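Here's the structure, in structure tokens; my notes come after.
Values in this document were obtained by computation on a predicted structure and should not be read as measured data.
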Amino acid sequence: MLHASKDVNNIYQLNGRVPVAKAIPFGLQHILAMFVANIAPIFIVAGACGLDDGQTAGLIQSAMIIAGIGSMIQLYPLWKIGSGLPIVMGISFTFVSVFCYIGPKFGYGAILGAVLIGGLIEGILGLLAKYWMKLIAPIVAATVVTSIGFSLLSVGAASFGGGSGSEDFGSAQNLILGTITLVSCLGFNIVAKSYWKQLSVLFGLVVGYIVAVFMGVVDFSSLASAKIIAFPELMPFQLEFHAGAIISVVVIFMVSATETIGDTSALASAGLDREVTTEEISGSVACDGFISALSSLFGCLPITSFSQNVGLVSMTKVVNRFVIFTGAVIMVLAGLFPVFGALLATLPDAVLGGCTIMMFGTIVLSGMQMITKCGFTQRNMTIAALSLSIGLGFTQVSEIFAIFPQMFQNVFAQNCVAVVFVIAIILNLVLPKDIESKEEKGQIQ
């Protein structure tokens with residue numbers, strides 16, 4: 001009994017054996033936390049490109065399998081590809097706006113061609129990270145992590161209200177569901193003992209889901225048409241290559257890489273209580289790029305690290321790679337058995353929002369902790385304060401970008417992480433390294 005308990009406590013260690021039966025609930029918790037967000041970009045882009053229901057279903061299937069494989073590689077690297085950290089991969093929201101511009105103009109095949117090129121470029125840059133990582137000073141990474149947390153707060157709130165664009169957004173029904181889920185999470189965390197506390201999100205999701213079923217909110221109609229088993233199709237669309245589309249997507253890949261750097265830094269800081277290494281950043285970014293290139297060959301959108309799961313790790317401190325690996329296996333099974341994926345997809349947005357709203361706040365606090373570790377020198381405070389105020393402020397008033405070209409707006413107008421990253425990098429390059437010592441000299445004189 002003592003040995004089994006010791007094994008279970010390995011959930012707080014990056015490596016170590018955890019009984020499969022104990023690992024699965026924690027892995028499932030990670031998948032439920034990101035499942036809806038993983039497939040949502042596909043619905044948006046497929047709708048903008050005029051894809052039919054059958055094509056969209058195939059993309060969702062591929063997304064689950066590729067995301068699962070990508071997560072496995074992040075957990076257990078292949079050569080230099082992968083970080084070795086508990087990173088969960090999924091379809092990136094970062095690309096949605098630019099894809100909704102490219103798709104109707106050039107076609108869905110142009111999106112896939114651009115993803116293939118952009119993914120390969122990001123992957124190569126990841127392998128060469130040791131040559132450019134000096135640009136990403138600790139205060140830059142800390143500020144980006146903080147901005148990621150702030151950018152997700154509206155996502156959590158939107159889910160709590162029933163999902164952006166839903167007809168009953170903000171209804172009493174959705175608010176009640178979100179509140180019941182949130183209270184269940186908090187209550188379980190208070191009452192549960194030992195490692196069981198870390199399953200508070202899963203408990204809240206289950207309680208919220210059951211309540212939603214009794215309230216008649218859960219729609220099971222998609223299960224009737226879902227296949228029991230199916231395999232993804234290679235090259236379901238003809239890849240096309242357009243210079244304008246490729247340039248736009250490559251720029252967004254650079255933005256996505258900055259988010260991955262932030263996610264990886266946050267995981268090392270909040271989950272492992274240490275700074276991230278260059279090798280981990282390199283492997284993480286390389287995995288993002290090369291897996292995204294592979295995703296395009298199966299007709300799917302780019303894959304990237306999911307900040308939702310960073311928040312979950314920050315909150316629970318569950319970092320064991322095998323535990324997260326069981327979640328990656330569940331994702332692959334959800335792709336191979338579409339009926340299983342269709343069942344997971346019935347999770348109401350309001351229930352998900354009840355769990356994620358606190359997780360996203362945890363990312364903000366993790367970023368603040370990282371800023372604290374960097375030290376509150378005038379230089380660091382200037383970089384963090386100015387980049388956050390411009391990044392968060394300007395993107396909340398996106399009309400301020402109206403005079404810029406459409407491509408520039410697609411990249412920056414609604415992406416505070418991209419703006420924060422660019423401003424932080426510029427300030428880190430131009431501000432004097434010895435600004436404090438210069439001030440002290442001036443005061444003495």
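- The number of heavy atoms from other shown groups lying within 6.0 Å of NZ (Lys105) does not exceed 12.
- Scored by the ring-ring contact (aromatic ring centres under 6.0 Å, His included) test, Phe404 finds Phe408 as partners (sequence neighbours excluded).
- For Val419 against Ile390, the heavy-atom pair with the smallest separation is CG1-CG2, 4.0 Å.
- Take Ser62 and apply the side chain to side chain donor-acceptor pair (under 3.5 Å) test, not counting sequence neighbours, and it matches no residue.
- Not a single donor-acceptor pair under 3.5 Å links the side chain of Asp168 to the backbone N or O of Gly162.
- For residues 264-305, the set of pairs meeting the ring pair (Phe, Tyr, Trp, His ring centres under 6.0 Å) definition, not counting sequence neighbours, is empty.
- Partners of Lys130 by side chain to side chain donor-acceptor pair (under 3.5 Å), not counting sequence neighbours: none found.
- Under the 4.5 Å side-chain criterion, counting only non-hydrogen atoms from C-beta, Leu177 is in contact with Val217.
- Applying the side chain to side chain donor-acceptor pair (under 3.5 Å) rule to Lys80 yields no partners; only residues at least two apart in sequence or on another chain are considered.
- Contact record, Val285 with Gly126: CG1-CA, 3.8 Å, taken as the closest heavy-atom pair.
- Between Phe99 and Val249, some side-chain heavy-atom pair lies under the 4.5 Å cut-off.
- Residues Met235 and Leu297 have side chains in contact (heavy-atom distance under 4.5 Å, counting atoms from C-beta outward).
- A heavy-atom distance below 4.5 Å is found between the side chains of Phe412 and Val422.
- Within the structure, ring pair (Phe, Tyr, Trp, His ring centres under 6.0 Å) pairs that include any residue of residues 107-159 comprise Tyr108-Phe237 (at least two apart or interchain).
- Between Ile87 and the choices Ser71, Ser305, Cys287, the side-chain contact (heavy atoms from CB on, under 4.5 Å) rule is met once, by Ser305.
- Closest non-hydrogen pair, Ala142 versus Met370, comes out as CB-CB, 3.5 Å.
- For Phe322, the ring-ring contact (aromatic ring centres under 6.0 Å, His included) test picks out no residue, with sequence neighbours left out.
- The shortest heavy-atom contact between Ile324 and Val88 is CG2-CG2, 3.6 Å.
- Side-chain contact between Val417 and Val144: present, with at least one pair of heavy atoms (C-beta onward) separated by less than 4.5 Å.
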Original post:
Given the rule in the side-chain contact (heavy atoms from CB on, under 4.5 Å) test, do Leu125 and Met254 qualify, once you have shown the distances and angles that lead to the verdict?
Top reply: CA-CA 9 Å; Leu125 284 175; Met254 299 304 100; 3.5 Å; yes

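- The two residues Pro86 and Leu14 make their nearest non-hydrogen contact at CD-CD1, 3.6 Å.
- Applying the side chain to side chain donor-acceptor pair (under 3.5 Å) criterion to Thr304, with sequence neighbours excluded, gives Ser256, Thr260, Asp288.
- Under the ring pair (Phe, Tyr, Trp, His ring centres under 6.0 Å) criterion, the residue pairs touching residues 253-276 are Phe95-Phe253, with sequence neighbours excluded.
- Residues passing the ring-ring contact (aromatic ring centres under 6.0 Å, His included) test with Phe401: none are found, sequence neighbours excluded.
- Among pairs with a residue in residues 231-246, those fulfilling side chain to side chain donor-acceptor pair (under 3.5 Å) read Glu240-His242, at least two apart in sequence or across chains.
- Residues Phe203 and Leu199 fail the side-chain proximity criterion, which asks for heavy atoms closer than 4.5 Å.
- The closest side-chain heavy-atom distance from Leu272 to Leu267 is not below 4.5 Å.
- Contact check for Val140 versus Ile425: side-chain heavy atoms found under the 4.5 Å cut-off.
- Pairs engaging residues 148-163 under the side chain to side chain donor-acceptor pair (under 3.5 Å) rule: none recorded [sequence neighbours left out].
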